[in-house]
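For reference, the structure discussed in these notes is given below.
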Amino acid sequence: MKYRLLPALLVLATAIGGCSQTTVSNNNQETLKVLIIDGQNNHTIWPKSTIMMKTYLEQTNLFSVDIYRTKNLWRSNKYINEFPLNDGKTYTDLPQPKTDETFAPNFSQYDVVVSNFGWKAAPWPETTKASFEQYMKSGGGLVLVHAADNSFPKWDEFNKMIGLGGWGGRNESNGPYVYYDNDGNLIRDNKKGHGGAHGPKHEFKITTRAPQHPIMEGLPAKWLHTTDELYAYLRGPAENLTVLATAHDQKNKFRHEPMLMTIEYHKGRVFHSTLGHDQAAYESVGFITTFLRGTEWAATGKVTQDVPNVFPTETTTKVIKFD
Ligand SMILES: [Zn+2]
């Protein structure tokens, strides 16, 4: 059965106010169970970004979403008071993130886990790391959004799951830089250097590299993404990695950086999107569409959602405001 994204997005544009969520029941089939994990993210769009992703997912009627949040919250500051965390506290600047020893989601209850952790997120307890590795090895799904690939630089199995990552001391010991050159060759470059860079936010063109992949099927060969950070110089094990789409790094005219990726980790499937710095990026139809399709693929290995008619073109971005 095909599901149309467009009506859901139009509903989004008119029905959403702040944190309110519309959960639409679907009597025709069981929804895919999604767990969004978060609680420590340097980005000021969090925790609103978690609500945006939950809303987008549930508007499709394909997914039901739970959120599991670490108790030791950390973020720069702003939205944490605008979008209360229901713990009765008022936050300003928070101390360095600390490990929540009680953080123990029951991953096995879910078809896919979406990480909205970010840069500096504290390590999980060892038992939770082992439980997540087992979940993924036995066929779980993982979706990473933007700074989720900054997290946990010392966790080797996590680095294998994400394929490429940035910051947190990542360097040549983590694996190669991976990018396309101007001739369309996929380069794995083992030279020394730290992982992770981005310039000022700007609109940039995204080029599809794997048009037959279920996540990309039906998307334009090139489309314009709204203002966002263009992640570059990511590096990691890059094992069983498929680059779905790239964008051109402005500083280095020879590099086309991975923007969307999949990774096969044992029996598990990973969708990795580097997009999503702030609210503008989260409102991009290109971000939303690839996130929804990537989440379904990570959960099932298939994509049943149509590409919306309002998708961006090579020269025009498309956004849907989320108030
Ligand atoms: Zn960012």
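Atoms within each ligand, like the ligands themselves, are counted from 1 in listed order. Everything numeric in this text was worked out from a predicted model, so none of it was measured.
- Because the distance cut-off is set at 2.8 Å, H198 fails to qualify as a neighbour of the Zn ion (ligand 1), as none of its N, O or S atoms comes that close.
- Note that R255 lies in the cation-pi zone of Y233, set by a 6.0 Å cut-off to the ring centre and a 45° limit from the axis.
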Enumerate donor-acceptor pairs with a distance under 3.5 Å from any side-chain N or O in residues 213-225 to protein atoms, sequence neighbours excluded.
from	atom 1	to	atom 2	distance (Å)
H213	ND1	I215	N	3.1
K222	NZ	T207	OG1	3.4
H225	ND1	S284	OG	3.2
H225	NE2	D228	OD2	2.8

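- Looking only at N/O/S atoms, H146 comes nearest to the Zn ion (ligand 1) through NE2.
- For K302 and E296, the salt-bridge test fails: no basic side-chain N is under 4.0 Å from an acidic carboxylate O.
- Vertex the Zn ion (ligand 1), arms ending at ND1 of H277 and OE1 of E229: the angle is 90° after rounding to 10 degrees.
- Residue H43 approaches the Zn ion (ligand 1) most closely through its N/O/S atom NE2.
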Using residues 113-125 as the side-chain source, report each donor-acceptor pair under 3.5 Å to any protein atom, sequence neighbours left out, with the distance given to one decimal.
from	atom 1	to	atom 2	distance (Å)
S115	OG	F117	N	3.3
N116	OD1	N41	ND2	3.3
N116	ND2	S49	OG	2.9
N116	ND2	T50	OG1	2.9
K120	NZ	Q96	OE1	3.4

